[in-house]
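In what follows, a single structure is set out as structure tokens and then discussed.
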Protein chains: 2
Amino acid sequence: MKLISQLSKETGIPIGTIRFYEKSGLISGQTKKEVTTNNYVYYDEETVEKLRFIQMSKAVGFTLAEIKEVIDAWYKKQLTKKAKIDVLNKKLLQIEEKMKELRAVKKQIAICKHNIEHEMEP
Amino acid sequence: MKLISQLSKETGIPIGTIRFYEKSGLISGQTKKEVTTNNYVYYDEETVEKLRFIQMSKAVGFTLAEIKEVIDAWYKKQLTKKAKIDVLNKKLLQIEEKMKELRAVKKQIAICKHNIEHEMEP
DNA sequence: GACAAGTATGCAGTATACTACATAGTTTAA
DNA sequence: TTAAACTATGTAGTATACTGCATACTTGTC
């Protein structure tokens with residue numbers, strides 16, 4: 001079990017941002033009932049995985065709301081099996097779309113680079 | 001030569017957003033000097049290409065500032081050949097990084113889906 | 001036991017990317 | 001020729017995702 005500063009160290013995500021994610025319902029830790037002197041929140045390894053997932057998903061253009069959908073499909077007990085599968089299938093389609101767009105952007109930049117390399121300089 | 005509403009129709013980008021992009025220096029149209037009764041701005045086919053590039057780049061997580069760097073490398077005359085190539089190479093690396101992240105997210109979601117499909121429902 | 005460092009809470013402020021609205025002038029179709 | 005539709009400009013407001021600050025309590029170290 002880790003405290004928030006260790007979570008931050010392991011993922012590189014600022015403490016303030018982690019708190020923001022917790023407030024947004026993306027992650028959640030728990031206080032230890034046996035400790036009564038403070039209300040420090042402890043996080044498990046799963047939270048680290050979630051944070052890494054959030055980092056990557058954000059990098060490829062997913063919003064926190066979209067990421068939350070997936071995390072809920074993964075971890076929330078109250079959703080039906082069908083609802084979860086539907087969410088995940090939708091995400092997989094979005095990912096295919098992003099892959100296409102990424103390849104298109106790459107191609108465009110490669111062409112641009114080629115043109116610049118072969119153009120005559122004044 | 002197209003007016004802004006046609007640009008919007010062709011790309012699906014709202015007029016307000018196109019104006020915002022122009023104000024941000026991502027695209028630019030020109031007024032026709034021979035027309036003196038108004039100051040309507042006309043855009044060429046290149047602008048449509050730029051807008052499509054912006055759409056795709058945004059979808060895969062690039063910011064407008066990052067996209068502007070590439071567009072400037074493409075179209076601005078005042079940058080040196082070396083500066084342009086440097087920007088484009090940096091972008092190509094970022095794209096490779098995003099491809100990795102996209103594959104990792106896809107894999108994670110596929111595993112998640114598999115687990116849900118094979119779990120016992122209560 | 002003092003004091004730096006860590007933690008929790010809440011609220012205000014910032015950056016990015018729009019989005020809406022008001023105003024005013026222009027073009028076009030009936 | 002008049003009304004609908006289009007255009008330009010400017011300003012304000014919104015959503016998302018943080019980021020910083022103030023306050024207060026707790027823990028660990030010398």
Side-chain angles (χ1 to χ4, degrees), chain A residues 1-44 47 50-72 94 101, chain B residues 1-44 47 50-72 94 101:
Chain A
M1 295 299 243
K2 312 150 195 288
L3 287 171
I4 197 159
S5 64
Q6 201 192 332
L7 218 53
S8 173
K9 255 172 229 144
E10 283 182 36
T11 61
I13 299 173
I15 288 176
T17 304
I18 294 174
R19 288 200 211 282
F20 175 74
Y21 289 162
E22 182 150 23
K23 230 174 25 183
S24 307
L26 285 162
I27 61 161
S28 60
Q30 61 234 38
T31 55
K32 292 188 171 170
K33 323 146 209 59
E34 67 266 28
V35 179
T36 53
T37 49
N38 66 36
N39 46 350
Y40 287 10
V41 178
Y42 291 84
Y43 303 91
D44 54 19
T47 305
K50 280 190 198 177
L51 287 174
R52 292 202 203 287
F53 181 78
I54 293 167
Q55 276 181 311
M56 291 189 300
S57 301
K58 266 179 46 62
V60 297
F62 284 109
T63 65
L64 293 187
E66 288 170 328
I67 296 166
K68 185 166 154 44
E69 281 191 316
V70 176
I71 287 181
D72 286 351
Q94 283 181 39
E101 289 163 322
Chain B
M1 294 301 245
K2 312 151 194 287
L3 287 171
I4 197 157
S5 63
Q6 201 192 331
L7 218 51
S8 174
K9 254 173 232 143
E10 284 183 35
T11 61
I13 299 172
I15 289 177
T17 304
I18 294 174
R19 288 202 211 280
F20 175 75
Y21 289 163
E22 181 150 23
K23 229 173 27 181
S24 307
L26 285 161
I27 60 160
S28 60
Q30 61 235 36
T31 54
K32 291 188 172 171
K33 323 146 210 60
E34 66 264 30
V35 179
T36 52
T37 51
N38 65 35
N39 45 351
Y40 287 9
V41 178
Y42 291 84
Y43 302 90
D44 53 19
T47 305
K50 280 189 195 178
L51 286 175
R52 293 202 202 286
F53 181 78
I54 293 168
Q55 276 181 311
M56 293 189 298
S57 300
K58 266 178 48 60
V60 296
F62 284 109
T63 64
L64 293 187
E66 287 170 330
I67 296 165
K68 185 165 153 47
E69 282 191 316
V70 176
I71 288 181
D72 286 351
Q94 284 179 41
E101 289 164 323

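Just so it is clear: chains get the letters A, B, ... in the order the sequence lines come, proteins before strands, and each one is counted from 1. If you're wondering where the values come from, they're calculated on a predicted model, not measured in any experiment.
- At a threshold of 4.5 Å between non-hydrogen side-chain atoms, the residues B:Ile54 and B:Leu64 count as touching.
- For the pair A:Ile71 and A:Lys50, the minimum side-chain heavy-atom distance is below 4.5 Å.
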Check: Do A:Val70 and A:Phe62 pass the side chain to side chain contact (heavy atoms under 4.5 Å, CB included) test, and can you show the C-alpha distance, the side-chain angles, and the key distance before you say yes or no?
Finding: CA-CA 11 Å; A:Val70 176; A:Phe62 284 109; over 6 Å; no
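- Listed by residue number, B:Lys58, B:Thr63, B:Leu64 are the residues of residues 57-66 of chain B with a heavy-atom contact under 4.0 Å to DNA chain C.
- Applying the 4.0 Å criterion to OP1 and OP2 of C:dT7, one finds that A:Ser5 has a side-chain N or O inside that range.
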Distance-only check: which donor-acceptor pairs under 3.5 Å involve side-chain atoms of residues 2-24 of chain A, not counting sequence neighbours?
unit_1  : atom_1 : unit_2  : atom_2 : d
A:Lys2  : NZ     : A:Glu10 : OE1    : 3.4
A:Lys2  : NZ     : A:Glu10 : OE2    : 3.0
A:Lys2  : NZ     : A:Glu45 : OE1    : 3.0
A:Gln6  : NE2    : A:Glu10 : OE2    : 2.8
A:Ser8  : OG     : A:Ile13 : O      : 2.8
A:Thr11 : OG1    : A:Leu7  : O      : 2.9
A:Thr11 : OG1    : A:Ile13 : N      : 3.2
A:Glu22 : OE1    : A:Tyr43 : OH     : 2.4
A:Glu22 : OE2    : A:Gly29 : N      : 3.0
A:Ser24 : OG     : A:Phe20 : O      : 2.7

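- The stretch residues 9-43 of chain A comes close to DNA chain C through A:Arg19, A:Asn39, A:Tyr40, A:Val41, each having a heavy atom under 4.0 Å from the strand.
- Looking only at side-chain heavy atoms (C-beta outward), B:Asp44 and B:Met1 come within less than 4.5 Å of each other.
- Running 5' to 3' along DNA chain D, contacts with non-hydrogen atoms of chain A at under 4.0 Å begin and end at D:dA17 to D:dT27.
- Within the 4.5 Å cutoff, no side-chain heavy atoms of B:Val60 are placed close to those of A:Val60.
- Contacts classified as salt bridge (charged side-chain N to carboxylate O under 4.0 Å, His left out) and involving residues 60-71 of chain B (residues at least two apart or in different chains) are given here: B:Lys68-B:Asp72, B:Glu69-B:Lys90, B:Glu69-B:Lys91.
- In this structure A:Ser57 satisfies the side chain to side chain donor-acceptor pair (under 3.5 Å) test with no other residue, sequence neighbours excluded.
- Of the inter-residue distances, the one linking B:Lys58 atom NZ with B:Met56 atom CE reads 13.0 Å to the nearest 0.5 angstrom.
- Between A:Leu26 atom CG and A:Phe53 atom CZ the span is 10.5 Å, to the nearest 0.5 Å.
- Between the C1' atom of C:dA5 and the CD atom of A:Gln6 lies a distance of 16 Å, rounded to the nearest Å.
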